[in-house]
Amino acid sequence: MVVGDISTGTEVLVIGAGPGGYVAAIRAAQKGLDTTLVEKDAYGGTCLNHGCIPSKAYITGANLAYDAGNAEEMGIHADPAVDMAAMREWKDGVVDQLTGGVEKLCKANGVNLVKGTASFKDESSVRVAHGGEGQGSETIEFEHCIIATGSRPMQIPGFEFADDEVLSSRDALGLEYVPNRLVVVGAGYIGMELSTVFAKLGADVTVVEMLDDVLPGYEDDVARVVKKRAESLGIDFHFGEGASGWEDNGDAITVTTETEDGEESSYVADDVLVAVGRSPVTDTLGLENAGLETDERGFIETDEQARTAVEGIFAVGDVAGEPMLAHKGSTEGIVAAEVIAGEPAALDYQAIPAAVFTDPEIGTVGMTEAEAEEMGFTPVVGQFPFNASGRAMTTGHTDGFVRIVADEESGFVLGGQIVGPEASELVAEVALAIEMGATLEDLAATVHTHPTLAESVMEAAENAMGQAIHTLNR
Amino acid sequence: MVVGDISTGTEVLVIGAGPGGYVAAIRAAQKGLDTTLVEKDAYGGTCLNHGCIPSKAYITGANLAYDAGNAEEMGIHADPAVDMAAMREWKDGVVDQLTGGVEKLCKANGVNLVKGTASFKDESSVRVAHGGEGQGSETIEFEHCIIATGSRPMQIPGFEFADDEVLSSRDALGLEYVPNRLVVVGAGYIGMELSTVFAKLGADVTVVEMLDDVLPGYEDDVARVVKKRAESLGIDFHFGEGASGWEDNGDAITVTTETEDGEESSYVADDVLVAVGRSPVTDTLGLENAGLETDERGFIETDEQARTAVEGIFAVGDVAGEPMLAHKGSTEGIVAAEVIAGEPAALDYQAIPAAVFTDPEIGTVGMTEAEAEEMGFTPVVGQFPFNASGRAMTTGHTDGFVRIVADEESGFVLGGQIVGPEASELVAEVALAIEMGATLEDLAATVHTHPTLAESVMEAAENAMGQAIHTLNR
Amino acid sequence: PAESSAKGGRVFAAPSARRLARELGVDIATVEGSGPSGRVTDADVRQAAEAGEAGGETAE
Ligand SMILES: Cc1cc2nc3c(=O)[nH]c(=O)nc-3n(C[C@H](O)[C@H](O)[C@H](O)COP(=O)(O)OP(=O)(O)OC[C@H]3O[C@@H](n4cnc5c(N)ncnc54)[C@H](O)[C@@H]3O)c2cc1C
Ligand SMILES: Cc1cc2nc3c(=O)[nH]c(=O)nc-3n(C[C@H](O)[C@H](O)[C@H](O)COP(=O)(O)OP(=O)(O)OC[C@H]3O[C@@H](n4cnc5c(N)ncnc54)[C@H](O)[C@@H]3O)c2cc1C
């Protein structure tokens, strides 16, 4: 245990052990660099501890309980009882195993692990405060630094996460009970994923959203599939309303909203989940001591090599801007590490896929039809509805479709939008197609296993070519 | 309604409306050819009516009921009751919708549909017998013919499917009850899929297999994952035993087996399912009248254009040889139709993926390590176990692994073997990689969504390159 | 220098070809592709690198 301020040096210092940071640290160590990873909290960051992993665990549990309880049509009669505390324990077990794994992988690759909170002293050293009494601090000098401090949930005026009834996504993923009535503020992907979980587990869910639709950023017809299904699960949507405050009524709370025109509404609930976005953690790092600035939203600007404006300092993951997704951070982390190791690495991917784990899932990658047009392509589009997929029918989940966007002239695949069962997995093939410079014909001529959902990708490509077998062509 | 023998002509005659035949007919019609499709039974063939689709429907139902009943660890308490007659009805509904869809698609594309049993009169005409009294027959003259009459389950001496207690796969997929005790003869993919279904639905399943392992044709470590899981579901395996006979004891039956050394065993059961393979339907077609021959197993030999030895006659699907898989048949059907239309089509795919929908699933495509060696490559292999996948852990299904086989020198991806959750879907990306001539680096550099099972494909590629993040490298 | 053949900032080449271009100091956006629909292959990149050297152009 280090007491007092001693000083050490490292070739690569990584701040933050989320999917941006720990991946960067492992790759840097693999490249033979002396690497130190500082983490103030838990290995795996937001993603493993309070984000991707716990949310997906609950989604599995909620789906299983809900599906089994609603499968009379399949001849299955069940009335599952969910013990939320036990589900949480299972989730915690999954998280522990993964975060333990991250720590082990770091060590096995030779990464030096330091527990504490780092802040810049200058452009070549940080001070690491070891949490807890008498644990002191240390100074670490670095040749290269990778900032990967991630993001935190945004608060809105009148709603403090410190209050028991006001839940951040992190709080919601730690509940030991299912609220009877839950108000969710924000219909972005986190709000929609968690609304679906709680609705399936039996909560009366009301979603309040300032904008006029769910899942901003996704095309209307994609978002509509998810919204319709959410409504059929009993989720009540109120668009064009901003949450303005809440009060405690003893037994319950009342959440007040306001439209742009000042019209008020109020909703009685047990808890309110605020999921209105996340902001980068760049305000507690002493960036100014290193000569670094952020943009007005708090992001650190980086180039194709994940370099910041300051020589030797890199930024990856949520601090480096949108999309704030785990795999974007990991990709940047790998590039930063390889660049430091002197390799010709660059963020030259053509597309970053994104998934929303609602019911049904969404998986998108590359350009939409509108984006392709904007970029100067003449897009050709093919589509295949899951209700025409034999595999989808045998799973009982037939909402949604696969859409493939390509360049008419060359046939190159430019993008894909999938909403439906396993969309998060299916998008992987489209991502590979885009990266490889595959054409519609390449997708269509690749033999796809029957009966699979992945056949729908092939069918959508064939539809774009005017030669689909299982749909009528345009 | 046609009575008596009248004569019509068609440019393309397709015999059999399974996935080989109906796909061929639709593509031929799309190419502007006057196309006639003769089917004696139900549209969609074995696959839609008695194969792929019904089996996958039951697998979904059995998985849901089983998983929900075994999820205490997740905090879900349920004791699902399965009404097999209702599950069958649901399955029938799925089948009806799909077969109705096939019929509609054929019509919409302009295919002439003829109900009846075709047999060759000579090398340019068939006689179609319309089933049922007074329906007569007709002669159809063709310029081109595509034979797609599929396959039927093999019988073994002493076991007649005509007997109630002796089930073919088709019979098993039509049961209105779950047998208390079921003996399954044959541990190939059909036997294993159905054993798993019935075991999960509560049957005591005993599998008898002449060979010494499950799933011949799959690598040992792949088959082992499925076998171990099957055993944990209570399935009792007996290898090296051939079923020699059975007798009815009134209340139950006794199935007798014999080892090579003549050692006998017997198993008491309610029903016995015989799933020992399928033979092509080529003996009832009057092939000799067209001058066509079959090999000793009954298959019709075809070339790269799906042509038989007789000018103008093509054969596709199960009649044209292994692998007897729906998507192989459809691919051949498309090629045959395009060749007839005068296009430069050919069966030039690099690999046909295959899936087994056991628990967990298997998905394979291209070469195994051993096959790559045989072909003169120096294979390099990477692997990723699903118990290290965050997504797999959140689904509660972590058995199995992804393996990627590549050529060491060039890095070209040669094959993939996946056993684990959604393996049937995940293999699609590997198939595209193989068809595109993608390298390990291409797979590794394609950004994969977190958290997904598809990340495991990327991780396996990275492992082969010696730079995996989430496993230790070799 | 050749005009960029990339439309909308897109280069149609496999990730491995793009990496090879960086390794050899070739701006892949300027490479004429010989693959299907003009996809840029490894061979195209190598050829561009050799041509660049022969022409005395210094790679970036
Ligand atoms: C509910 C929810 C669900 C999500 N689901 C998905 C999903 O399905 N897929 C997806 O791609 N993304 C998802 N995300 C987003 C994903 O979690 C983030 O994009 C990802 O975690 C960003 O990784 P990162 O490494 O940049 O930062 P983080 O994961 O936030 O990690 C940053 C780490 O830095 C540490 N740290 C911060 N400051 C300091 C300091 N000064 N000194 C030392 N350590 C410090 C923190 O303790 C933390 O461990 C989800 C997020 C939430 C909230
Ligand atoms: C239980 C089971 C599960 C299976 N699961 C899968 C799977 O998951 N994936 C997969 O790829 N494959 C699977 N298969 C195999 C798949 O069903 C076959 O490979 C596929 O059906 C072959 O297609 P086909 O068009 O060649 O023949 P078939 O589908 O057998 O169709 C042939 C058609 O021809 C008709 N016919 C025959 N003779 C005549 C005649 N003289 N005149 C008129 N019509 C005639 C028949 O009535 C039939 O409709 C499975 C098979 C079984 C039994």
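A note on names: the letters A, B, ... follow the listed sequences, proteins ahead of strands, and every chain is numbered from 1.
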| Contact check, side chains of Val430(A) and Val402(A), non-hydrogen atoms, under 4.5 Å | no
| task | Would you mind reporting whether Ile469(A) and Leu105(B) have side-chain heavy atoms less than 4.5 Å apart? | result | no
| remark: Cut-off 4.5 Å, heavy atoms of chain B, and the answer for Ala62(A) is neither
| Heavy-atom neighbours of Asp79(B) CG exceed 12 at 6.0 Å | no
| For Phe357(A), is it the side chain, the backbone, both, or neither that has a heavy atom closer than 4.5 Å to a heavy atom of chain B? | side chain
| query | Contact part of Glu422(A) toward chain B, heavy-atom cut-off under 4.5 Å: side chain, backbone, both or neither? | reply | side chain
| Which of the residues Thr60(A), Thr449(A), Thr452(A) is involved in the greatest number of heavy-atom pairs with chain B at under 4.5 angstrom? | Thr449(A)
| Top contributor to chain A contacts, counting heavy-atom pairs under 4.5 Å, from Arg88(B), Glu435(B), Met393(B) | Met393(B)
| Which of Glu73(B), Met74(B), Met87(B) touches chain A most, by non-hydrogen pairs under 4.5 Å | Met74(B)
| request: Measure distances from Leu325(A) to the heavy atoms of chain B and classify the residue's part below 4.5 Å as side chain, backbone, both or neither. | output: neither
| Contact part of Asn109(A) toward chain B, heavy-atom cut-off under 4.5 Å: side chain, backbone, both or neither? | side chain
| request: Report yes if the side chains of Ile352(A) and Val365(A) come closer than 4.5 Å at any heavy-atom pair, otherwise no. | output: no
| said: Heavy-atom cut-off 4.5 Å, strictly under: side chain, backbone, both or neither for Ser424(A) against chain B? | reply: both
| At a heavy-atom separation under 4.5 Å, does Ala354(A) approach chain B through its side chain, its backbone, both, or neither? | backbone
| query | Based on non-hydrogen pairs under 4.5 Å, which of Val82(A), Ile59(A), Leu426(A) is most in contact with chain B? | reply | Val82(A)
| message | Salt bridge check, Arg391(A) against Glu361(B): does any charged N sit closer than 4.0 Å to a carboxylate O? | response | yes
| request: Pick one of side chain, backbone, both or neither for Ile434(A), based on which atoms fall under 4.5 Å of a heavy atom in chain B. | output: neither
| request: Return the option, out of His470(A), Lys31(A), Lys328(A), with the maximum number of heavy-atom pairs under 4.5 Å with chain B. | output: His470(A)
| What option among Ser330(B), Pro451(B), Ala454(B) has the most heavy-atom pairs under 4.5 Å with chain A? | Pro451(B)
| said: Set out, in order, the CA-CA distance, both residues' side-chain angles and the distance that settles side chain to side chain contact (heavy atoms under 4.5 Å, CB included) for Ile418(B) and Thr364(B), then state yes or no. | reply: CA-CA 6 Å; Ile418(B) 308 179; Thr364(B) 58; over 6 Å; no
| If we only count heavy atoms from C-beta on, is the Ile53(A) to Leu98(A) side-chain gap below 4.5 Å? | yes
| said: Could you tell me if His448(A) and Glu429(A) have a donor-acceptor pair between their side chains, going purely by distance under 3.5 Å? | reply: yes
| query | Can you tell which of Val95(B), Ile26(B), Val94(B) has the highest number of heavy-atom pairs within less than 4.5 Å of chain A? | reply | Val94(B)
| note | Comparing Asp348(A), Val447(A), Ile334(A) against chain B, the one with the most heavy-atom pairs below 4.5 Å turns out to be Val447(A)
| remark: Answer key: most heavy-atom pairs under 4.5 Å with chain A among Arg27(B), Glu89(B), Met84(B) is Arg27(B)
| task | Output the option from Ala86(B), Ala351(B), Ala428(B), Ala81(B) having the highest count of non-hydrogen pairs under 4.5 Å with chain A. | result | Ala81(B)
